[in-house]
Amino acid sequence: MKSDNVKIGVDRAPNKSLMYALGLTEEEIKRPLIGVVSSYNEIVPGHMHLDKIAEAVKAGVRAAGGTPILFPAIAVCDGIAMGHIGMKYSLVTRDLIADSTEAMAIAHQFDGLVMVPNCDKNVPGLLMAAARINVPTIFCAGGPMLAGRLPDGRRTCLSHMFEAVGAYHAGKLDEDGVQSYVEHACPSCGSCSGMYTANSMNCLTEAIGMALRGNGTVPAPYSARIRLAKETGMQIMKLVEKDIRPRDIMTEAAFHNAETVDMALGCSTNTMLHLPAIAHEAGVDISFDMANEISSKTPNLCHLAPAGDTFMEDLEAAGGVYAVMKELTKGDLLDTSVMTVSGKTMGENIACADNLNTDIIRPFEDPFMKTGGIAVLKGNIAPDGCVVKQSAVLPEMMKHEGPARVFDSEEDAIRVIYDGGIRPGDVVVIRYEGPKGGPGMREMLNPTSAIAGMGLDASVALITDGRFSGATRGASIGHVSPEAASGGNIGLVHEGDMISIDIANKTIELKVSDEELEERRKAWVCPEPKVKTGYLARYAKLVSSADKGAILE
């Protein structure tokens, strides 16, 4: 066992003495040592119950003959961090999580790991760590929040909450109306109830083979989530016994499966950052261009919030991720021979899955869209690409041309939006918010929700070198690469320039000649860094562009 390095022989007697100091018995020390990486904290609603999930995992490990040992991982609540400097610290935690987990796992020589994440950057950060450390590892997330319900009976969620603020600024909702959303939008523990980033990544953890069935969809308050945690704890012991490791599972074919499921589910655009970063740690290359290739042949089968009015609990009742995957096999779109943490192939896992509600999971032959939920656009404003969640774009905005309204920060943009300064037809451009320029590539949920809440989502587009929450809907185009702070053409846009967007044809163009852009480039001066000290300053020096997954180089 790997843990023999810290517990066997006279030379390791000092190490072993410290295990005695932990209160471990000789019998416990002899067993495989399983690190349980718990993201429990008291500030993230998706993590407030993870102490119970981790304890259930530990019970499963003990039942199967292992010794579970808990250690922590940090997590940021993107909703609480939204709209202020705190959002600069969201994406950057992905690498802190991966690095700190690597340090703990290797320093203490665990034989296996059970990751207990839930929210946005916590899941990809731990997947990156799993691929990097490469000891037997399995995931059990905390599960999604239940949908809310307003006093009039309408179901609701966090994206509606953010849009309510825009409706208030547009005079469409009073303070009491906003307060009603505050009280009812987020009714339970768990990751927010739509197909936002956290739930997207937990579903894709199933699709890539690193979690048992239900990881992405069993609601957080359900007792089934506790049973799943115990089963996960027992299953890690089988993975250790068989020496099945993350890189045996997270192969190139598995990542293609995950991207295919991503397109079918209509996941968050943040998956276009996280999947390449996880793949990089596993020694697999995923390019932006692959996304369009996969999307072109993958139907979009689900329209969960923010794309529609259904929620994660509905997807679970309809058969979950496995039912979606079973539909995709009708088009021979998945490699079902890949290994998974169940110890079985993906094909064996999904063989008994059934689509129990074709309103929630459309049949393969009758999808919401014939192409996938995400599109990558290219053009002179984004020569390396940018990303849009096309499944959440209104039909009339799939093609749009309008004048640029240019802002050099999110704060500047939201001020003008709330003041009613954006008009139908405009293209809002928010720049210097990319991985380097932000730094930290903030989510733009406040501006996009304000536009939607004001009723402008059918006439206004927004583009940024920052990124979006999974709760964003509309013609919201992010990850523009290269970013402005790296000299990208988005930094050369002037107020009033015409911008043409054609999502169906995967193009985005600034209607300015190459000669004019060159003249502007000569006059362009990179602004002073917004943050010059601390972790963010170090991050800005190391981070790559969004099209490469914003990995640290």
Compile the donor-acceptor pairs under 3.5 Å between side chains in residues 48-59 and protein atoms, sequence neighbours left out, one pair per line.
residue	atom	partner	partner atom	Å
His49	NE2	Gly142	O	2.8
Glu55	OE2	Lys58	NZ	3.2

Anything under 3.5 Å between a donor and an acceptor, one on a side chain of residues 228-241, the other on a protein residue two or more places apart or in another chain? List them.
residue	atom	partner	partner atom	Å
Thr232	OG1	Leu228	O	2.8
Gln235	NE2	Val341	O	2.9
Gln235	NE2	Ser342	O	3.3

Going by atom type alone, with no hydrogens or angles, which donor-acceptor pairs under 3.5 Å involve a side-chain atom of residues 530-537 and a protein atom two or more places apart or on another chain?
residue	atom	partner	partner atom	Å
Lys530	NZ	Tyr432	O	2.6
Lys532	NZ	Glu528	OE1	3.0
Tyr535	OH	Val92	O	3.1

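Taking the side chain as every heavy atom from C-beta outward, Met339 and Ile244 approach each other to under 4.5 Å. With a 4.5 Å cut-off on side-chain heavy atoms, Leu333 and Phe364 count as touching. Looking at heavy atoms from C-beta onward, Leu273 lies in side-chain contact with Arg467 at the 4.5 angstrom threshold. The shortest distance between side-chain heavy atoms of Phe110 and Val135 does not fall below 4.5 Å. Arg149 places none of its side-chain heavy atoms less than 4.5 Å from the side chain of His184. At a threshold of 4.5 Å between non-hydrogen side-chain atoms, the residues His47 and Tyr40 do not count as touching. A 4.5 Å side-chain heavy-atom check between Met115 and Thr101 finds at least one atom pair inside the cut-off. At a threshold of 4.5 Å between non-hydrogen side-chain atoms, the residues Leu328 and Leu301 count as touching.
In this view, Lys330 and Glu327, Glu365 satisfy the salt bridge (charged side-chain N to carboxylate O under 4.0 Å, His left out) rule, not counting sequence neighbours. Thr67 is linked by a side chain to side chain donor-acceptor pair (under 3.5 Å) to nothing, counting only residues two or more places apart in sequence or in another chain. Taking Arg442 as the reference, Glu410, Glu411, Glu433 meet the salt bridge (charged side-chain N to carboxylate O under 4.0 Å, His left out) condition, with sequence neighbours excluded. By the ring pair (Phe, Tyr, Trp, His ring centres under 6.0 Å) test, Tyr196 is found to be paired with no residue, residues two or more places apart in sequence or in another chain being considered. Applying the side-chain contact (heavy atoms from CB on, under 4.5 Å) rule to Thr310 yields the partners Leu304, Asp314, Ile360; only residues at least two apart in sequence or on another chain are considered.
Scanning both residues, Met263 and Ser295, for their nearest heavy atoms gives SD-CB, 3.8 Å. Heavy-atom minimum distance, Gly35 versus Phe71: CA-CE2, 4.1 Å. A pairwise comparison of heavy atoms in Cys119 and Gly46 identifies SG-CA, 3.7 Å as the closest pair. Contact detail for Gly216 and Glu206: the closest heavy-atom pair is N-OE2, 2.9 Å. When all heavy atoms of Ala546 and Pro435 are compared, the pair lying nearest together is N-CG, 4.1 Å. The shortest heavy-atom contact between Asp335 and Ala253 is OD2-CB, 3.5 Å.
Residue pairs meeting the salt bridge (charged side-chain N to carboxylate O under 4.0 Å, His left out) criterion with at least one partner in residues 7-25, sequence neighbours excluded, are Lys16-Glu26. Contacts classified as side-chain hydrogen bond (donor to acceptor under 3.5 Å, both in side chains) and involving residues 209-219 (residues at least two apart or in different chains) are given here: Thr217-Glu316. Contacts classified as side-chain hydrogen bond (donor to acceptor under 3.5 Å, both in side chains) and involving residues 249-267 (residues at least two apart or in different chains) are given here: Asp262-Thr271. Counting only residues at least two apart or on different chains, the side-chain hydrogen bond (donor to acceptor under 3.5 Å, both in side chains) pairs with a member in residues 109-130 are Ser3-Asp111, Asn5-Gln109, Ser39-Asn122, Asp78-Lys121, Ser90-Lys121, Asn118-Asn202.
Counting non-hydrogen atoms of other residues, nucleotides and ligands closer than 6.0 Å to CD1 of Ile43 gives a total of 12 or fewer.
Ser287 and Asp289 share no side-chain donor-acceptor pair at under 3.5 Å. Counted by atom type alone, Ser268 and Thr197 present one or more donor-acceptor pairs between their side chains at under 3.5 Å. Using modelled atom types, one finds a donor on one side chain and an acceptor on the other under 3.5 Å when comparing His274 with Arg94.
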Query - salt bridge (Lys or Arg N to Asp or Glu O under 4.0 Å) between Arg132 and Asp99, intermediate numbers included - result: CA-CA 9 Å; Arg132 189 186 301 174; Asp99 292 350; 2.8 Å; yes
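Remark: Ile361 CD1 to Lys326 NZ distance equals 11.5 Å, nearest 0.5 Å. With rounding to the nearest 0.5 Å, the separation of CE in Met346 from CD1 in Ile350 is 7.0 Å. Note that CE of Met145 and SG of Cys186 are 4.5 Å apart. Values are rounded to the nearest 0.5 Å. With rounding to the nearest 0.5 angstrom, the CD1 atom of Ile74 is 5.5 Å from the OG1 atom of Thr93. Note: Asp248 CG to Asp243 CG = 7.5 Å, rounded to the nearest 0.5 Å.
Under the 3.5 Å distance criterion, the side-chain polar atoms of Thr25 are matched with a main-chain donor or acceptor of Glu28. Side-chain atoms of Thr340 come within 3.5 Å of backbone N or O of Lys344 as a donor-acceptor pair.
Aromatic ring pairs are classed by plane angle as parallel below 30°, tilted from 30° to 60° and perpendicular above 60°; the pair Phe288 and His479 is parallel.
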